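This is the structure I want to talk about, given as structure tokens.
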Amino acid sequence: MQRAIELARLGAGSVAPNPMVGAVIVHNDLIIGEGYHHKFGEPHAEVNAINSVKENNLLSSATIYVTLEPCSHHGKTPPCCDLLIRHRFKRVVIGCLDTHAKVNGKGVDKLQKAGVHVDIGILENACRDLNKRFFTFHERQRPYVILKWAQTKDGFLDKHRPNNEKGIHWITSSETKVLVHKWRSEEQAILVGRKTVQNDDPSLTVRELIGTNPTRVIIDSQLKLNPDLNIFSDDAPTLIFNRIKNEIKGTIEWIKITETNTENILNELYKRNVLSVFVEGGSRTLQYFIFGNVWDEARVIVGNTNFGDGKRAPVISKAPSENFKFGNDTVYIYYRK
């Protein structure tokens, strides 16, 4: 099962809104096949694992380990349960149940009724953690929310900006920029407020490594942003939440909501099948998520520098769950629960 989890992670950033799933086929204590879900709309992990087995006649006396309950319904692809039954697997070992309403025990029931021996809950916590975005989306009806910011050693997010000075005041090292872009590539959406766009003119894309650009989500209540800014490029789909208009032009969609608060924005992202959102700022936007208690994870990068004065960084009133050094910087990870 641990190997199946490792395989599943290879689908990060490519399978949403599907979950990441890995599968390993074992015969006489030897692995004879492996697979994972590569991309949304393409074959599932079980299919790829079966297709990797050179001698199909071994499947009827083999065990398949799969991180998530096999699907029992028709979606983009046929039900995996039917495939496992057709190949007459003697045993299916499942990491955790799929709480999606279309599955939620139906896969297990179907396998058992076909005479397949099923074991459930092997490395269950690790398998649920693997798909925390998927489970949060279906169980809480909102995207998984990750907050991220960089701050100085003396606790500042930015310098004061006299006369509306533009440009980025870098806090962290160039190596850490690669890490942040990797994080971006793993999430479906990236969200910032108007002031961040106005001050920094960010692209909010993945450029430091090969990866998928997340959908850009901008909060601009009164539509004050200049259309020449980088977020209006066609590098990635862009959603602009505002209180004025609904409109679609190329890769840009303006979405009118009564109040540009966290609840309304997350509801709209949920309707659009967005499983996760990476909130990169600014200070006010981050505080809205913290005060509203609508976040799941926070990643705080502390750079090896001091500003002495400026805009204070947000504060999370709990100890970090973990921390690690990355170049000259230190990364602190917080989990809400």
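Computed from heavy atoms alone, side chains included, the values below leave out hydrogens, waters and symmetry copies. These figures come from a predicted structure and were not determined experimentally.
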* Asked: Any side-chain hydrogen bond (donor to acceptor under 3.5 Å, both in side chains) pairs touching residues 285-306, not counting sequence neighbours?
  -> Lys132-Glu297, Arg140-Asp296, Arg142-Asp296, Tyr144-Glu297, Lys153-Asn304, Arg284-Tyr288, Glu297-Arg299

* Is Thr215 reaching over with its side chain to a backbone N or O of Ala189, donor-acceptor style, under 3.5 angstrom? -> no

* Asked: How long is the span from the CD atom in Glu280 to the CG atom in Leu147, to the nearest 0.5 Å?
  -> 11.0 Å

Let me have the donor-acceptor pairs involving side chains of residues 310-323, under 3.5 Å, with sequence neighbours excluded, atom names and distances please.
unit_1: Arg312; atom_1: NH1; unit_2: Asp154; atom_2: O; d: 2.9
unit_1: Lys318; atom_1: NZ; unit_2: Tyr335; atom_2: O; d: 2.6
unit_1: Lys318; atom_1: NZ; unit_2: Arg336; atom_2: O; d: 3.1

* Close side-chain approach of Asn242 and Thr260, heavy atoms under 4.5 Å -> no

* Asked: Is Arg128 paired with Glu124 through a side-chain N to carboxylate O contact shorter than 4.0 Å?
  -> no

* Asked: Got a second to check how far Leu225's CG is from Ile219's CD1, nearest 0.5 Å?
  -> 11.0 Å

* Structure fact -> For Leu68 and Leu97 the tightest heavy-atom approach is CD1-O, 3.7 Å

* May I have the step-by-step check of side-chain contact (heavy atoms from CB on, under 4.5 Å) for His44 and Val21, ending in yes or no? => CA-CA 8 Å; His44 288 184; Val21 182; over 6 Å; no

* Among pairs that include at least one residue of residues 9-21, which meet side-chain hydrogen bond (donor to acceptor under 3.5 Å, both in side chains), considering only residues two or more places apart or in two chains? -> Asn18-His37

* Stepwise, does the side-chain contact (heavy atoms from CB on, under 4.5 Å) test hold for Leu179 with Val331? -> CA-CA 10 Å; Leu179 176 64; Val331 180; 4.1 Å; yes

* Linking I/L/V/M/F/W/Y whenever any side-chain heavy atoms sit under 4.5 Å apart, do Leu286 and Leu191 land together? -> yes

* Asked: Going from CG on Leu229 to OG on Ser203, what distance comes out if it is rounded to the nearest 0.5 angstrom?
  -> 10.0 Å

* What pair of heavy atoms forms the shortest contact from Pro17 to Asn273, and how long is it? -> CG-ND2, 3.6 Å

* Measure from the side-chain N and O atoms of Asp200 to the backbone N and O of Pro202, and report whether any donor-acceptor pair falls under 3.5 Å. => no

* Asked: Under the 3.5 angstrom rule, does the side chain of Lys106 hit a backbone N or O of Ala101 as a donor-acceptor pair?
  -> yes

* **Co-membership, hydrophobic cluster, residues Phe232 and Ile218, 4.5 Å side-chain** => yes

* **Asn264 side chain reached by Phe241 side chain, heavy atoms, under 4.5 Å** => no

* Please confirm whether the backbone N or O of Leu275 pairs with a side-chain atom of Gln188, one donor and one acceptor, at under 3.5 Å? => yes

* Asked: Is it true that the side chains of Ser276 and Glu187 contain a donor and an acceptor less than 3.5 Å apart?
  -> yes

* So, for Ala126 and Ile5, which heavy atoms are closest and what is the spacing to 0.1 Å? -> CB-CD1, 3.8 Å

* With sequence neighbours excluded, what pairs up with Lys245 under the salt bridge (charged side-chain N to carboxylate O under 4.0 Å, His left out) test? -> Glu247

* For Leu209, which fellow cluster members are found when Ile, Leu, Val, Met, Phe, Trp and Tyr are connected by side-chain heavy-atom distances below 4.5 angstrom, either directly or through intermediates? -> Val178, Val206

* Structure fact -> ring-ring contact (aromatic ring centres under 6.0 Å, His included) filter on Tyr36, not counting sequence neighbours, yields His38

* Hey, does the side chain of Asn230 reach the backbone of Asp201 with a donor-acceptor pair shorter than 3.5 angstrom? -> yes

* **Which residues share a salt bridge (charged side-chain N to carboxylate O under 4.0 Å, His left out) with Lys110, sequence neighbours left out** => Asp82

* Asked: When Ile, Leu, Val, Met, Phe, Trp and Tyr are grouped by side-chain heavy atoms lying under 4.5 Å apart, directly or through other members, which residues fall in the same group as Ile168?
  -> Trp170

* Would a 4.5 Å heavy-atom cut-off, applied to side chains only, mark Arg272 and Ile255 as touching? -> yes

* **Exceeds 12 heavy-atom contacts within 6.0 angstrom, atom CZ of Arg88** => no

* In Å and rounded to the nearest 0.5 Å, what is the NZ to CZ distance from Lys159 to Phe307? -> 5.0 Å

* Lys/Arg cation over aromatic Tyr65: Arg3, 6.0 Å, 45° cone -> no

* Taking C-beta and beyond as the side chain, do Leu84 and Val66 meet within less than 4.5 Å on heavy atoms? -> no

* **Shortest non-hydrogen contact between Gly107 and Glu69, atoms and distance** => N-OE2, 2.9 Å

* Please answer whether the main-chain N or O of Gln222 pairs with a side-chain N or O of Arg243 as donor and acceptor at a distance below 3.5 Å. => no

* To do: Could you give me the CA-CA distance, side-chain angles and deciding distance for Phe289 and Leu266, then say whether side-chain contact (heavy atoms from CB on, under 4.5 Å) is met?
  => CA-CA 11 Å; Phe289 281 91; Leu266 292 178; 4.3 Å; yes

* Asked: Is it true that Trp149 and Ile301 fall in one hydrophobic cluster, defined by side-chain heavy atoms closer than 4.5 Å?
  -> no

Indicate every side-chain donor-acceptor pair of residues 23-33 with a distance under 3.5 Å to a residue at least two apart or in another chain.
unit_1: His27; atom_1: NE2; unit_2: Ser61; atom_2: OG; d: 3.0

* Under 4.5 Å between side-chain heavy atoms, hopping through other hydrophobics if needed: is there a path connecting Ile122 to Phe135? -> no

* Heavy-atom neighbours of Glu263 CD exceed 12 at 6.0 Å -> no

* Are Asp329 and Thr176 close enough that a side-chain donor and a side-chain acceptor fall under 3.5 Å? -> yes

* Cys127 side chain near Met1 side chain, heavy-atom distance below 4.5 Å -> yes

* **ring-ring contact (aromatic ring centres under 6.0 Å, His included) pairs, two or more places apart, involving residues 107-134** => Phe134-His138

* Are any side-chain N or O atoms of Asn213 and backbone N or O atoms of Asp235, one a donor and one an acceptor, separated by less than 3.5 Å? -> yes

* Lys113 NZ: over 12 foreign heavy atoms closer than 6.0 Å -> no

* Residue pair Cys71 / Pro78: nearest heavy atoms and the distance that separates them -> SG-O, 4.2 Å

* Do Val277 and Leu239 share a hydrophobic cluster (ILVMFWY, side-chain heavy atoms under 4.5 Å, transitive)? -> yes

* Asked: Taking the side chain from Thr196 and the backbone from Gly282, do they hold a donor-acceptor pair closer than 3.5 Å?
  -> yes

* Structure fact -> Residue pairs passing the salt bridge (Lys or Arg N to Asp or Glu O under 4.0 Å) test with at least one member in residues 206-225, sequence neighbours excluded, are Lys177-Glu208

* Asked: For Lys325, what residues pass the salt bridge (charged side-chain N to carboxylate O under 4.0 Å, His left out) criterion, not counting sequence neighbours?
  -> none

* Show the numbers, then the answer: is there a side-chain contact (heavy atoms from CB on, under 4.5 Å) between Val192 and Leu204? => CA-CA 9 Å; Val192 297; Leu204 302 180; 3.7 Å; yes

* To do: May I ask you to check whether over 12 heavy atoms, not counting those of Asn246, lie within 6.0 Å of atom CG?
  => yes

* To do: Write down the atom of Val47, the atom of Pro43, and the distance for their closest heavy-atom approach.
  => CG1-CB, 3.8 Å

* Polar side-chain atom of His100 near backbone of Lys102 as donor-acceptor pair, under 3.5 Å -> yes

